[in-house]
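Heads up: the structure comes next, in structure tokens.
Computation of the quantities below employed the complete heavy-atom set of this structure, encompassing side-chain atoms and omitting hydrogens, waters and symmetry-equivalent molecules.
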2 protein chains.
Amino acid sequence: MNLKQLSHMLQLSQTTVSRALNGYPEVNEETRRRVVDAAKRHGYRPNPSARRLATGKTGMIGYVLPTGSAVDIDPHFVEFLSGLGDYARAHELDLVLSPADAEEQETTYRRIVANKQVDAVYVSSPRPQDSRVALLDTLGLPFLVHGRSDGFDFDYPYLDIDNEGAFQEATRLMIQLGHRRIALINGDERETFAIHRERGVRRALAGNGLALPDDQVSSTVMTEENGYRAARRVLEGSSAPTAILCSSLIMALGVVRAVRELGLTIPGDLSLIAHDDVFSWLKPENFSVPLSTTRSSIRAAGARVAERLIARLSGLEDGARGEVWPVDLVVRASIAGAPAGS
Amino acid sequence: MNLKQLSHMLQLSQTTVSRALNGYPEVNEETRRRVVDAAKRHGYRPNPSARRLATGKTGMIGYVLPTGSAVDIDPHFVEFLSGLGDYARAHELDLVLSPADAEEQETTYRRIVANKQVDAVYVSSPRPQDSRVALLDTLGLPFLVHGRSDGFDFDYPYLDIDNEGAFQEATRLMIQLGHRRIALINGDERETFAIHRERGVRRALAGNGLALPDDQVSSTVMTEENGYRAARRVLEGSSAPTAILCSSLIMALGVVRAVRELGLTIPGDLSLIAHDDVFSWLKPENFSVPLSTTRSSIRAAGARVAERLIARLSGLEDGARGEVWPVDLVVRASIAGAPAGS
């Protein structure tokens, strides 16, 4: 259905329909609701050029890009961006990256709002009580959080994956395979996704009367080197794990290297499950021993963030809706029963 | 030196100096030249906010982001972006990504120009006689190419690394170590960087009376899997190489996997040199056998592209200057003399 057909059906002018869909104040609330409902029912999506003409919107989505010597934008970002770009292209939306000092992003958000530079923004890698979310809640600029920021007394729109459930399920499987000493090689513990994953592991262990000793958890930036170091540390410790949960495929490369250097084998001596964001350039099935994973496409998340932001701008979505995607647990050769006598 | 000091020295008003640096038409050519020369001599860089006020520039750099199912934005992009973002932040410049169908980018470039959306753009992953460069040469929007596009009868500004020299030098080293059968696992042969690298390998071989048989070259998207496949193919062939040059660290992961599966060793059976763009999350020294590399930071290139675009906008750089960075050859344990009898 196009604008003309929708207008004809509603017996309204195309201008009125267009303005209604974009929350233009000249259209009264009853008409707006009638138009939005019909658009939803018939799957109509407004043409962005028409929208821009009708409303003076910029046609741009913003992202404040944390920079500085301590910040590495990692490959997850580009995969997310691919998905967002795919969707945004079809809607003729551009993305404005505003580089900001990672420790001082507030100024940049305020500038973006003051300059009316973008129609909406998204936030990524949120932490609990994230100051960006608190700020955006007051600025009046439509936004969406990729991930979650716990600990607020207000709601906000977000898209997240079920990190806790995924790592809980992966840990439960390890326990069912007879593993009792399980380690977690996690991402930055200041970020919610890492907190949720650790919580999932602890919950599965607790449900079976087991615990996660603090020295069996590492939380770092997700590089190959950090994966290697964390694996060496626990595997050479006095109470070496027989199973490891790992928060990224890149870190898993380092875990595999450590295992090999120590003369151990996967899954004979160690079972391994890693989180897979679905990169095109590094696949878990291509590890020397194909890797079991918790899998969720971060590219699909990028596309969905763009889709929801556009829906919010068009009045097709409102309120503080949280959306949580389930995560697949994909079993490959890297897991097996715990070694006898372990 | 700040604007006030520069103006005082030149005995001009701050407004005149600011406008002169931004090519404002009200300033006569002689004055403009005097101001630009003084600014260069004293290392003055204009404040971007003042610049925007004086000139109505957008404060934005553009990039047309190729998207579509056949396009994978890869991790090199994000590393480049980190560097560009670091530099742009200090100059309060934003980056606008305009997603476009990879096969139909011209419309998007024209839209950007028509909407006066950005002050300048950069182009990446150029091919010979790249249609984007040909188009930009006619559009009047300042631009810079990251990489090179050969085969034009006009000049244009670019920043590239010496891909040909790097791979020539790496190949020459392999030859000096006694290798005679050398294979190349390259990136997409439609892109200039890959063409230049192959040319470097051929040149070094030819200089020693050797050749690169076509079946010893592969050119693909630079994924781990493609690196693995290419390595399996040549290593299992009737004339297996004793040395491999590889265009990326990610592909080298696949080469190492193939070597291991075939029961071969590095460098005993195979010497390996890969190109390293200097990722923080995957380091050549951390491969099981530390990897020799041709090394050039793509992050530094991103910062330099931002710096030069800003200089062009400020009138501190003009003309079609090409800049080519030399590439380091870093020797680590992955290379050795050719196996006896090879």
Heavy atoms, side chains only, cut-off 4.5 Å: are A:D94 and B:R111 in contact?
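Sidechains of B:R111 and A:D94: in contact.
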What do the steps show when you test B:L97 against A:L81 for side chain to side chain contact (heavy atoms under 4.5 Å, CB included), and what is the final call?
CA-CA 10 Å; B:L97 303 181; A:L81 200 62; 3.7 Å; yes
Between atom [atom1] of [X] and atom [atom2] of [Y], what is the distance when rounded to the nearest 0.5 Å?
X	Y	atom1	atom2	answer
A:S280	B:M222	OG	CE	11.5 Å
B:W281	A:H76	CH2	NE2	9.5 Å
A:N286	B:R229	CG	CZ	7.5 Å
A:M60	B:M60	CE	CE	5.5 Å

Should the heavy atoms of other residues, nucleotides or ligands under 6.0 Å from [atom1] of [X] be counted, would the total exceed 12?
X	atom1	answer
A:R295	CZ	no
A:E236	CD	yes
A:R190	CZ	no

What closest approach, in Å, do [X] and [Y] show between heavy atoms, and which atom pair accounts for it?
X	Y	answer
A:G85	B:P99	O-CB, 3.3 Å
A:A100	B:R89	C-CD, 3.2 Å
B:V78	A:F77	CG2-CD2, 3.5 Å
B:F287	A:R257	C-CD, 4.2 Å

Among the listed options [options], the residue most often paired with chain B at heavy-atom distances under 4.5 Å:
options	result
A:T108, A:T223, A:L65, A:I112	A:T223
A:V96, A:L95, A:N226	A:L95
A:M251, A:E225, A:K283	A:E225

Heavy-atom distance under 4.5 Å to chain A: side chain of B:L253, backbone, both or neither?
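The answer is the side chain of B:L253.
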Region of B:E285 in contact with chain A, defined by heavy-atom distances below 4.5 Å:
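Neither part.
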Is A:E261 close to chain B through its backbone or its side chain, or both, or neither, when contacts mean heavy atoms under 4.5 Å?
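Contact with chain B: none, neither part.
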Between A:D101 and chain B, which part of the residue has a heavy atom less than 4.5 Å away: side chain, backbone, both or neither?
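Both backbone and side chain.
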Check step by step if side chain to side chain contact (heavy atoms under 4.5 Å, CB included) holds for B:I250 and A:L282.
CA-CA 8 Å; B:I250 295 169; A:L282 181 64; 5.6 Å; no
